Amino acid sequence: MDINITLPDNSVRKFNNELSGYDLASDISRSLAKDAVCIEINGQLTDLNTLIKEDSKCRIFTSNDQTSLEVLRHSSAHILAQAVLNLFPNTKYGVGPSIEDGFYYDFLFENNIKEDDLLKIEKEMHKIVLEKQHFSKEFISDKEALKIFSNQQFKQELINTADKGEGVGEGQVSTYKNKDFIDLCKGPHIPNTGYLKHFKLTKLAGAYWRGIETNPQLQRIYGTAWFTKDDLNKYLTRQKEAEKRDHRKLGRELKLFTTADELGPGQYLWQPNGSILRNQIEEFSKSAHINNGYEFVNTPHIGRSILWETSGHLDHYKEGMYPALTTEDTDDDYYLKPMNCPFHILVYKNDIRSYRELPIRYFELGSVYRMEKTGVLHGLLRARGFTQDDAHIFTTIDNLNDEILNLLTFSIKLLNCFGFTEIEADLSTRPNDSIGEDKDWENATKSLEEALNQQKISYKIAQGEGAFYGPKIDLHIKDAIGRRWQLTTIQIDFAQPNNFSLEYVNSENKKVRPVMIHRALLGSIERFTGILIEHYAGEFPGWLAPNQINILTVGKVDEYLNFIISKLSKYRLNIDDRNIRLGEKIHESRKNKVPITVIIGENDAKNKSIAINYLDGSEEKDIDFNEGIKSINKKLKKPVFKI
RNA sequence: GCCGGAGUAGCUCAGUGGCCAGAGCAGCCGACUUGUAAUCGGCAGGUCAGGGGUUCGACUCCCCUCUCCGGCUCCA
């Protein structure tokens with residue numbers, strides 16, 4: 001019987017016996033056989049040792065393919081579990097998938113292990129790797145599986161609930177075995193454990209079984225695995241790069257912001273340098289809003305409980321709010337605001353509104369306070385007190401689509417000005433705990449989707465991730481090292497206008513309900529600043545830098561210095577005319593990440609010349625001062641916001 | 001909130017039950033008067049996160065609390 005195998009280049013190879021993926025690879029070339037990791041047979045990814053028994057379309061994956069890397073990491077997780085069970089035989093094991101850059105496995109140990117134990121486990125893994133144990137796949141019945149995993153509660157649960165794709169199917173499960181270790185798994189795996197050469201266990205953390213908070217908490221071991229030593233090292237270097245960008249570290253070094261135990265967690269103090277940066281961001285945002293049809297409002301930080309009862313916050317969000325402020329003088333409780341919307345609504349309600357006024361767009365840099373769980377706090381990126389570039393738009397249903405579309409454009413252009421050009425969206429739909437009519441939710445979700453399509457932004461649907469009062473669009477940006485951050489949120493709200501009985505008078509002189517849009521574009525100023533710091537690694541674009549120009553002098557140049565200062569007076573300048581070595585001044589200037597370092601010495605005074613150092617290491621030397629100022633103006637130019 | 005780790009000078013970190021707790025950087029004082037990535041010398045700086053306990057003796061061991069870090073869950 002002939003077997004015809006079609007390869008990706010559409011060439012066909014004939015064989016007269018059934019053969020394994022490895023045989024096929026060997027038949028093509030020796031190097032391919034050496035590199036092959038797994039194989040796709042008729043669209044089905046599987047092990048390299050799978051027998052091909054009939055005419056098939058095949059594609060062999062080598063260590064160069066991303067798919068192989070995922071297989072390697074999944075196998076690494078198995079080897080990790082195997083090592084753990086060798087060392088701690090009474091451990092219960094959960095699940096162990098491959099993830100971005102690595103893998104993990106969740107365990108319930110008899111006694112919780114410590115970080116030091118990771119080294120021991122890593123050693124045991126190396127032993128298993130050296131033995132080049134083969135992975136073999138087997139299908140067994142549920143019954144048999146329950147027997148094999150009789151003392152493994154998590155595996156039992158997986159077999160019984162049969163929905164997680166861990167090799168569990170109807171009436172039967174697939175397992176993988178290497179030496180004495182067996183796991184539920186649909187595969188595929190690397191041919192043998194020897195394929196795992198370059199790996200490292202990276203951290204130990206807690207994780208709830210199946211990610212559910214009420215389930216027991218397991219210990220999760222994270223690792224990373226790569227096909228080459230070079231790739232592993234590159235990954236480790238990348239991790240270090242990310243550490244260097246940490247906004248908490250840079251914030252301290254550049255004296256941008258600080259905190260104090262006395263303030264309580266999640267509250268930050270902006271130092272003068274940070275305040276300059278922050279003010280630049282806020283001023284830019286404000287002027288963009290002024291020029292785009294927003295009216296500014298200002299509202300207090302606290303409100304009576306009736307307000308939060310009306311808005312539904314006390315029903316749906318109480319645990320996210322700071323506890324009530326009570327006094328003996330009044331029966332009323334007051335609450336710190338976790339959102340600005342109820343206040344903006346009160347401004348709206350202060351007057352009878354006509355359809356001619358709509359849409360009304362109220363903007364405020366509004367500070368809010370949210371009782372985030374201590375474990376989630378993360379510098380400026382997740383703080384308890386923060387300021388939103390917040391606006392609430394009250395519109396007729398007819399104008400809703402236009403408003404959403406305008407908002408998307410507004411936000412994208414604004415983010416572009418700060419250097420974020422790669423933008424994607426999430427469309428979040430109705431969650432379980434929510435208020436409002438089904439029909440309204442449907443319509444609102446549809447408007448958002450239409451706007452996204454018109455703007456041609458790539459987006460994905462986040463099922464059930466909406467706010468309790470309406471669906472939303474979130475915009476995510478990609479930073480300089482490829483990480484995604486959520487910034488803009490645009491939320492439609494049919495509920496609050498009902499809660500507060502909002503009205504406007506339409507053209508037929510009837511009172512009708514407006515629709516409300518909540519939106520924050522940069523999101524939280526704190527968070528946005530944190531992301532900017534990490535994106536630019538503290539080397540901000542000239543217009544944002546707290547100190548824009550450092551002028552370093554060499555020798556006696558007072559008169560010429562004053563002349564140069566007069567030419568640059570519109571910028572934030574620092575003069576370093578100390579009598580110390582130039583090298584030290586330059587070192588300091590670079591350390592402080594000042595975008596422009598100007599050097600003038602006696603020669604420059606004589607020649608009306610100037611030298612400029614930039615943070616990227618480039619420099620202009622002995623150039624005419626006019627030319628120098630032109631370069632500086634260019635480098636420090638503020639972007640123009642235009643829709 | 002949960003699991004694990006950590007908290008020593010402004011910052012980065014040494015110091016594993018035994019004189020009075022150290023270094024580098026930063027700060028202050030002085031010398032040097034400087035042309036491209038840190039000049040030299042001196043001084044000052046500490047309730048070793050806070051509280052309790054064990055001990056003749058605790059930064060060090062134990063308990064509690066607080067805060068920070070890595071995750072999990074959460075993020076209206």
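Reminder, nothing fancy here: chain letters follow the sequence lines and each chain counts from 1. Note that the coordinates shown come from a computational prediction; the quantities given were computed from them, not determined experimentally.
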J.: For the residue pair Thr224(A) / Asp101(A), report whether a side-chain donor-acceptor contact shorter than 3.5 Å exists.
T.: no

J.: Under a 3.5 Å cutoff, is there a donor and acceptor pairing between the side chains of Glu309(A) and Ser311(A)?
T.: no

J.: Taking atom P in both A14(B) and U39(B), compute the distance separating them and give it to the nearest angstrom.
T.: 27 Å

J.: Hey, can you pull the residues of residues 244-260 of chain A with a non-hydrogen atom under 4.0 angstrom from RNA chain B?
T.: Arg248(A), Arg252(A)

J.: How many whole angstroms separate atom CZ of Arg220(A) from atom P of C72(B)?
T.: 6 Å

J.: Below 4.0 angstrom, N of the basic side chain to O of the carboxylate: do Lys244(A) and Asp246(A) qualify?
T.: no

J.: May I have the distance from Asp576(A) (atom CG) to U36(B) (atom P), rounded to whole angstrom?
T.: 15 Å

J.: Report the residue (Ala207(A) or Gly470(A)) whose heavy-atom-nearest nucleotide on RNA chain B is the more 5′ of the two.
T.: Ala207(A)

J.: Given side chain to side chain contact (heavy atoms under 4.5 Å, CB included), test Ile345(A) with His392(A) step by step and report yes or no.
T.: CA-CA 8 Å; Ile345(A) 288 171; His392(A) 295 93; over 6 Å; no

J.: Taking the minimum atom-to-atom distance to the side chain of Arg382(A), which one of C72(B), C75(B), U34(B) wins?
T.: C75(B)

J.: Residues from residues 583-595 of chain A sitting under 4.0 Å of RNA chain B, heavy atoms only?
T.: Gly583(A), Glu584(A), Ile586(A), His587(A), Arg590(A)

J.: So which nucleotide from U39(B), G4(B), U73(B) ends up closest to the side chain of Arg581(A)?
T.: U39(B)

J.: Under the 3.5 angstrom rule, does the side chain of Asp117(A) hit a backbone N or O of Ile113(A) as a donor-acceptor pair?
T.: no

J.: Which value, in whole Å, describes the distance between the P atoms of nucleotides G71(B) and A23(B)?
T.: 36 Å

J.: Could you state the atom-to-atom distance from CD of Glu243(A) to P of G71(B) in whole Å?
T.: 10 Å

J.: From CD of Glu213(A) over to P of C72(B), roughly how many Å is that when rounded to an integer?
T.: 13 Å

J.: How would you label the contact of Pro338(A) with the nucleic acid (heavy atoms, under 4.0 Å): base, sugar-phosphate, or nothing?
T.: base

J.: With nearest nucleotide decided by heavy atoms, which residue, Leu204(A) or Glu465(A), maps closer to the 5′ end of RNA chain B?
T.: Leu204(A)

J.: Given C68(B), G35(B), U36(B), which nucleotide is nearest the side-chain atoms of Pro265(A)?
T.: C68(B)

J.: By the 4.0 Å heavy-atom rule, please label Gly601(A) as base, sugar-phosphate, or nothing.
T.: base

J.: Measure from NZ on Lys556(A) to P on G35(B) and round the result to the nearest Å.
T.: 15 Å

J.: With a 6.0 Å cut-off on ring centres, are Phe625(A) and Phe563(A) close enough?
T.: yes

J.: My understanding is that a pair needs two contacts under 3.5 Å, Watson-Crick or G-U wobble. By that rule, which nucleotide pairs with U34(B)?
T.: none

J.: Could Arg578(A) and Asp576(A) be called an ion pair, given the rule that one side-chain N must be under 4.0 Å from one carboxylate O?
T.: yes

J.: C48(B) and A21(B): how far apart are their C1' atoms, nearest whole angstrom?
T.: 8 Å

J.: Say we look at G42(B) and G50(B): how far apart would their P atoms be, to the nearest angstrom?
T.: 32 Å

J.: Using OP1 and OP2 only, check whether a side-chain N or O of Asn112(A) sits under 4.0 Å from C3(B).
T.: no

J.: Would you classify Lys318(A) as touching base, sugar-phosphate or nothing, given that sugar-phosphate means primed atoms plus P, OP1 and OP2, and contacts are heavy atoms under 4.0 Å?
T.: nothing

J.: Which base sits across from C75(B) as a Watson-Crick or G-U pair, both distances under 3.5 Å?
T.: none

J.: If only side-chain N and O atoms of Tyr222(A) are considered, is one of them under 4.0 Å from the OP1 or OP2 phosphate oxygen of C72(B)?
T.: yes

J.: In Watson-Crick or G-U wobble terms, both distances under 3.5 Å, what is the partner of U55(B)?
T.: none

J.: Sort out the partner of C25(B) for me: Watson-Crick or G-U wobble, both distances under 3.5 Å, none otherwise.
T.: G10(B)

J.: Would you measure the distance from the P atom in U16(B) across to the matching atom in C74(B) and give it in whole Å?
T.: 43 Å

J.: Would you mind telling me which of G70(B), G35(B), C74(B) lies closest to the side-chain atoms of Lys203(A)?
T.: G70(B)

J.: I'd like the P distance from A31(B) over to G24(B), given in whole Å.
T.: 23 Å

J.: To the nearest Å, give me how far apart CG (Asp604(A)) and P (U36(B)) are.
T.: 12 Å

J.: In whole Å, measure the gap between the P atoms of G52(B) and G18(B) for me.
T.: 23 Å

J.: Between Glu620(A) and Tyr614(A), does the side chain to side chain donor-acceptor pair (under 3.5 Å) criterion hold? Intermediate values first, please.
T.: CA-CA 9 Å; Glu620(A) 296 177 276; Tyr614(A) 299 96; 2.5 Å; yes

J.: Taking only Lys NZ, Arg NE, NH1 and NH2, and the carboxylate oxygens of Asp or Glu, determine whether Glu403(A) and Arg361(A) approach each other closer than 4.0 Å.
T.: yes

J.: Would Lys606(A) and Glu602(A) pass as an ion pair if we require N to O under 4.0 Å?
T.: no

J.: Take the protein atom CG of Asn579(A) and the nucleotide atom C1' of U34(B), then report the distance between them rounded to whole Å.
T.: 7 Å

J.: Identify all pairs in which a protein N or O lies below 3.5 Å from an N or O of nucleotides 5-10 of chain B, and state each distance.
T.:
none

J.: Pick from Lys155(A), Lys92(A), Arg220(A): which one makes a salt bridge (charged side-chain N to carboxylate O under 4.0 Å, His left out) with Asp106(A)?
T.: Arg220(A)

J.: For G46(B), what is the paired nucleotide under Watson-Crick or G-U wobble rules, both distances under 3.5 Å?
T.: none

J.: Would you mind reading off the distance between Ile599(A) atom CD1 and U34(B) atom P, rounded to a whole angstrom?
T.: 16 Å

J.: Measuring only the C1' atom in each nucleotide, how far is U12(B) from U8(B)? A whole number of Å is fine.
T.: 12 Å

J.: Just one of Thr597(A), Asn574(A), Asn592(A) clears the side chain to side chain donor-acceptor pair (under 3.5 Å) bar with Asn550(A), so which one?
T.: Asn574(A)

J.: Pick one: which of Arg483(A), Arg245(A), Arg527(A) meets salt bridge (charged side-chain N to carboxylate O under 4.0 Å, His left out) with Glu534(A)?
T.: Arg483(A)

J.: Gln219(A) has a side chain; which of C3(B), U73(B), C72(B) sits nearest to it?
T.: C3(B)

J.: Give the nucleotide from the list G35(B), C3(B), G1(B) with an atom nearest to the side chain of Glu602(A).
T.: G35(B)

J.: Salt bridge check: are Lys373(A) and Glu213(A) linked by an N-O gap of less than 4.0 Å?
T.: yes

J.: Do the side-chain N or O atoms of His378(A) get closer than 4.0 angstrom to the phosphate oxygens (OP1, OP2) of G70(B)?
T.: yes

J.: Ring centroids only, cut at 6.0 angstrom: are Trp308(A) and Phe343(A) within range, meaning strictly under it?
T.: yes

J.: Please give the nucleotide sitting opposite G70(B) as a Watson-Crick or G-U wobble pair, both distances under 3.5 Å, or none.
T.: C3(B)

